[in-house]
Asker: 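My questions all concern the structure below.
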Amino acid sequence: MSESTSASASDPLARIAELPGVGDAVAEARTLVDRLLGHRVLRRRSSDVSMESALRGAGASAALEGAEVSLDEIREGHVYDTRVKGALRVSGELGNLVDTWPRAPRQVLARLHTLAAADAVSEDALGRPRLAGERVEDPLGLGPAPAPEAAMARLEGLYALLGARTSVPALVTSALVHGELMAVRPFGWGDGLVARAAERLTLVERGLDPKSLVPSELGHQTLRDEYGPALRGYMGGTTEGVAEWVVYCCRAVRAGAQDSLATCEALKRG
């Protein structure tokens, strides 16, 4: 047995990292994120870039749920859409959840949903998995979600993967987290807000973006015409579909990093 085959057998995520095109996409995204992390503006104004990234990411995530609001309106506090308010609450809390995420992902997801849906669902539905017969919102047109029992079984598999030791790049793990959460849509409302936040949380916790400078949510909005099709490909479960999803997510992270580089350049110019 080769070393690569042995690694794949002991680490299920390694099989995904080895799929065609994934390695190159990961390397390209990593190079751009490293370029961002090395920008000299961050020596003095890292917190400003992080705050702008959080704001832009929240606005983009809400837009992907169907909200219509400009960043100027958000900056001025003119926020009335439940999706925008939820996205902003989620974004503001992410930094406090980084350490808990690898140890208790179930609790973190419940917290994210509570923040995302506080103005949108009944109190008893906040943070708990959806029940049979409850409506599942589908702003991306992904099609029917699995029954609650099947969704919960699949989530248990995700929790196990998050708790296991892995040597695969953060970009691969974060793409899987995002894809699985969108595939099962565990809560029924705000699942996109939760999934995109969990992807970003994974990128921070696994060390790719330790200061949360990359608005990966904005990358998905930038590539929104590809977002739904890529997700449907992942949900199909084929090797090609999974590989294409991971490559797509790497491109979204690159787009987010490029946006924060533009923020850095704007700050440098004053």
Side-chain angles (χ1 to χ4, degrees), residues 49-75 78-98 101 108-121 126-127 136-142 171 174-175 177-205 209 212-228 230-231 234 245 248-260 263:
V49 178
S50 181
M51 287 175 61
E52 179 67 11
S53 170
L55 182 68
R56 294 170 74 80
S61 196
L64 288 166
E65 292 296 290
E68 294 183 10
V69 64
S70 70
L71 281 175
D72 287 341
E73 289 175 316
I74 294 176
R75 293 186 207 283
H78 300 155
V79 177
Y80 308 104
D81 192 299
T82 56
R83 293 160 293 192
V84 180
K85 290 193 286 186
L88 288 169
R89 284 191 297 265
V90 166
S91 183
E93 183 83 1
L94 278 189
N96 297 326
L97 299 173
V98 174
W101 178 230
V108 170
L109 290 178
R111 177 60 179 161
L112 289 174
H113 184 254
T114 298
L115 293 164
D119 301 311
V121 303
L126 291 174
V136 179
E137 300 291 336
D138 189 16
L140 295 175
L142 301 179
L171 285 154
S174 63
V177 168
H178 186 167
E180 283 296 290
L181 289 172
M182 289 303 290
V184 305
R185 283 160 278 169
F187 301 107
W189 193 97
D191 290 303
L193 298 177
V194 172
R196 288 182 290 273
E199 176 187 38
R200 184 163 182 171
L201 196 54
T202 304
L203 293 170
V204 173
E205 187 272 320
D209 179 28
S212 194
L213 302 171
V214 179
S216 49
E217 310 96 327
L218 182 60
H220 293 297
Q221 186 189 27
T222 301
L223 303 174
R224 65 182 307 155
D225 289 344
E226 302 173 46
Y227 186 25
L231 265 172
Y234 175 84
W245 167 248
Y248 160 82
C249 285
C250 289
R251 292 177 55 230
V253 169
R254 283 172 56 198
Q258 191 67 59
D259 187 76
S260 285
T263 298

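As the structure is a prediction and not an experimental result, all values here were calculated from the model.
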Asker: Test: salt bridge (charged side-chain N to carboxylate O under 4.0 Å, His left out). Region: residues 108-117. Which pairs qualify, not counting sequence neighbours?
Answerer: Glu93-Arg111

Asker: Less than 4.5 Å apart, side chain to side chain, heavy atoms only: is that true for Lys85 and Tyr80?
Answerer: no

Asker: Return yes if some donor-acceptor pair links the side-chain N/O of Ser174 with the main-chain N/O of Leu171 below 3.5 Å, else return no.
Answerer: yes

Asker: Identify the two heavy atoms, one from Val214 and one from Gly256, that lie closest to each other, and give their separation to 0.1 Å.
Answerer: CG1-C, 3.9 Å

Asker: Please report the interatomic distance OG1(Thr114) to CZ(Phe187), rounded to the nearest 0.5 Å.
Answerer: 7.5 Å

Asker: Between atom CZ of Arg254 and atom CG of Asp259, what is the distance when rounded to the nearest 0.5 Å?
Answerer: 14.5 Å

Asker: Show the nearest heavy-atom pair for residues Val194 and Ala116, with the distance to one decimal.
Answerer: CG2-CB, 4.5 Å

Asker: Of the non-hydrogen atoms in Leu112 and Ala198, which two are nearest, and what is the gap between them?
Answerer: CD1-N, 4.4 Å

Asker: Assess, by modelled atom type and distance only, whether the side chains of Arg200 and Ser53 contain a donor and an acceptor separated by less than 3.5 Å.
Answerer: yes

Asker: Nearest 0.5 Å please: distance from the CG atom of Asp72 over to the NE2 atom of His78.
Answerer: 11.0 Å

Asker: Where is the tightest heavy-atom contact between Glu137 and Pro139, given as atom of each residue plus distance?
Answerer: C-CD, 3.6 Å

Asker: Within the distance-only criterion (no hydrogens, no angle test), does the side chain of Arg185 pair as donor or acceptor with the backbone N or O of Asp191 below 3.5 angstrom?
Answerer: no

Asker: Dump the intermediate steps for side chain to side chain contact (heavy atoms under 4.5 Å, CB included) on Trp101 and Leu109, then the final yes or no.
Answerer: CA-CA 9 Å; Trp101 178 230; Leu109 290 178; 3.9 Å; yes

Asker: Are the side chains of Glu199 and Val177 in touch, meaning some heavy atoms are under 4.5 Å apart?
Answerer: no

Asker: Would you say Ser91's side chain and Ala54's backbone share a donor-acceptor pair under 3.5 angstrom?
Answerer: yes

Asker: Gly127 and His113: which non-hydrogen atoms are nearest, and at how many Å?
Answerer: N-ND1, 3.0 Å

Asker: Mind checking the CG-CG spacing from Leu71 to Leu218? Nearest 0.5 Å is all I need.
Answerer: 8.5 Å

Asker: Against Trp189, only a single residue in Leu126, Val121, Val136 fulfils side chain to side chain contact (heavy atoms under 4.5 Å, CB included); can you say which?
Answerer: Val121

Asker: Students often mix this up, so state it plainly: with edges at 30° and 60°, are the rings of Trp245 and His178 parallel, tilted or perpendicular?
Answerer: perpendicular

Asker: Measure from the side-chain N and O atoms of Asp81 to the backbone N and O of Ala67, and report whether any donor-acceptor pair falls under 3.5 Å.
Answerer: no

Asker: Going by heavy atoms in the side chains, are Leu94 and Val204 under 4.5 Å from each other?
Answerer: no

Asker: Quick one: does any side-chain atom of Thr222 pair with a main-chain N or O of Ala255 as donor and acceptor, under 3.5 Å?
Answerer: no

Asker: Can you name the one residue among His220, Glu217, Glu65, Gln221 that meets side chain to side chain donor-acceptor pair (under 3.5 Å) with Arg196?
Answerer: Glu65

Asker: Which pair of non-hydrogen atoms, one from Ala87 and one from Leu193, has the smallest distance, and what is that distance?
Answerer: CB-CD2, 3.9 Å

